[in-house]
Amino acid sequence: MPAPTKKRCTSCKEEKPLSDFYHNATKSDKHNSICKDCQLLSNAVNKSKKVSPNF
């Protein structure tokens, strides 16, 4: 059975080529479950939620 060349993003639900997913050696297929676009958006949202200390 040939290796899959596409994967569905768990965030945007779109089927995309594996090249649109970051490599992750801990996953069974060696790719993250969310695509690069969704990962960048998620990172930006998480970064904006961080509270900076007021000195």
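We count residues from 1, following the sequence as given.
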- [ ] Please examine the side chains of Tyr22 and Gln39, heavy atoms only from C-beta on, and report whether any two atoms are closer than 4.5 Å.
- [x] yes

TODO: Hey, could you give me the NZ/CG distance between Lys47 and Asn43, rounded to the nearest 0.5 Å?
DONE: 9.5 Å

Open item on the list: Nearest 0.5 angstrom please: Cys12 SG to Leu41 CG, how far?
Closed with: 10.0 Å

Open item on the list: So Ser33 and Phe21, do their side chains get closer than 4.5 Å, heavy atoms only?
Closed with: no

Open item on the list: With rounding to the nearest 0.5 angstrom, report the CD1 to NZ distance, Ile34 to Lys13.
Closed with: 10.5 Å

Task: Which atom of Cys35 lies closest to which atom of Cys9, heavy atoms considered - done: N-SG, 3.4 Å

Open item on the list: Any non-hydrogen side-chain atom of Val45 less than 4.5 Å from a side-chain atom of Lys49?
Closed with: yes

Task: Distance in Å, Ser42 OG paired with Asn32 CG, rounded so as to fall on 0.5 Å steps - done: 10.5 Å

Task: Backbone of Lys36 reached by a side-chain donor or acceptor of Lys16 within 3.5 Å - done: no

Task: Distance (rounded to the nearest 0.5 Å) between Leu18 CG and His23 NE2 - done: 11.5 Å

Task: Residues Lys7 and Asp20 bridged, charged N to O under 4.0 Å - done: no

